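This report refers to the structure that appears directly beneath it.
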Amino acid sequence: MHMSRCWTHKFADAFRGLWRAVRTQSSFTVHIPLAIAALVLAGMLSVSPFEWCLIVLAIGCVLAAEVFNTAIESLAQVHDVGHHPRIRDALDMASGAVLVAAITSGVIGLTIFVPKLFSLVFGN
């Protein structure tokens, strides 16, 4: 019989999972400082509300992809009884998803920041 859980417990579990991913995955030591740098730069360059949305969405997608990748890695460690090619493929695909999100995020950042920095340095 499935019992409904309260929202407090659901959020607590979600935050525990997020904290565990951040604590155990070295990739977050790259993603989080870059996200903070992008947010600081966006504030310094007074980006538009639409550009803020794109930057925050890009950051969220990269971090979410990394959390999903971490979850798949965690499951693979439980079920891995040796090197199975399908587990390897799943792990590689999850890493590929993080790469796609990170590259897309980088392109968004360059598209927003490079013209603004160019204008700041060289004038209009």
Side-chain angles (χ1 to χ4, degrees):
M1 175 176 204
H2 177 60
M3 294 184 49
S4 180
R5 295 176 9 160
C6 71
W7 282 101
T8 305
H9 290 134
K10 290 178 183 183
F11 277 108
D13 290 346
F15 282 115
R16 185 184 66 77
L18 183 59
W19 179 245
R20 178 150 174 77
V22 169
R23 248 190 23 236
T24 62
Q25 295 301 306
S26 62
S27 299
F28 282 102
T29 62
V30 173
H31 294 310
I32 290 176
L34 285 174
I36 291 168
L39 294 173
V40 168
L41 188 58
M44 292 171 57
L45 295 175
S46 300
V47 300
S48 72
F50 179 72
E51 290 168 329
W52 269 110
C53 289
L54 290 175
I55 292 165
V56 170
L57 181 63
I59 291 169
C61 286
V62 171
L63 296 179
E66 191 62 62
V67 172
F68 282 126
N69 183 46
T70 302
I72 292 168
E73 287 175 357
S74 183
L75 285 172
Q77 290 170 358
V78 169
H79 293 290
D80 191 8
V81 290
H83 295 291
H84 193 285
R86 293 191 66 186
I87 291 176
R88 182 204 62 222
D89 291 347
L91 292 170
D92 290 350
M93 286 184 261
S95 293
V98 175
L99 181 61
V100 168
I103 289 171
T104 303
S105 184
V107 170
I108 289 169
L110 290 173
T111 303
I112 292 170
F113 295 134
V114 167
K116 291 183 182 305
L117 290 170
F118 188 84
S119 177
L120 187 66
V121 171
F122 298 108
N124 293 7

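Quantities reported herein were computed from a predicted structural model and do not represent experimental measurements.
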Side chains of [X] and [Y]: does their closest heavy-atom pair fall under 4.5 Å?
| X | Y | result |
| --- | --- | --- |
| L39 | I59 | yes |
| F113 | V47 | yes |
| L34 | H31 | no |
| D13 | R5 | yes |
| F28 | V67 | yes |

Hydrophobic cluster identity match, [X] and [Y], side-chain contacts under 4.5 Å:
| X | Y | result |
| --- | --- | --- |
| I32 | V62 | no |
| L63 | L57 | no |
| I108 | L117 | yes |
| V56 | I36 | yes |
| V40 | L120 | yes |

Which heavy-atom pair separates [X] from [Y] by the least distance, and what is that distance?
| X | Y | answer |
| --- | --- | --- |
| I72 | A94 | CD1-CB, 3.8 Å |
| C61 | A101 | O-CB, 4.1 Å |
| S95 | N69 | N-OD1, 3.4 Å |
| V98 | A65 | CG2-O, 3.5 Å |

Tell me the ring-ring contact (aromatic ring centres under 6.0 Å, His included) pairs involving residues 91-110, sequence neighbours left out?
none
Whether W7 and F11 hold their rings parallel, tilted or perpendicular, with breakpoints at 30° and 60°:
tilted
Just how far is it from atom CG of D92 to atom CD1 of I87, taken to the nearest 0.5 Å?
12.0 Å
Closer than 3.5 angstrom, by distance alone: can the side chain of T111 be matched with the main-chain N or O of V107 as a donor-acceptor pair?
yes
Inspect the surroundings of CZ in R23 and state if more than 12 heavy atoms from other residues, nucleotides or ligands are less than 6.0 Å away.
yes
Report the residues that fulfil side chain to side chain donor-acceptor pair (under 3.5 Å) with S48, sequence neighbours left out, ordered by chain and then residue number.
E51
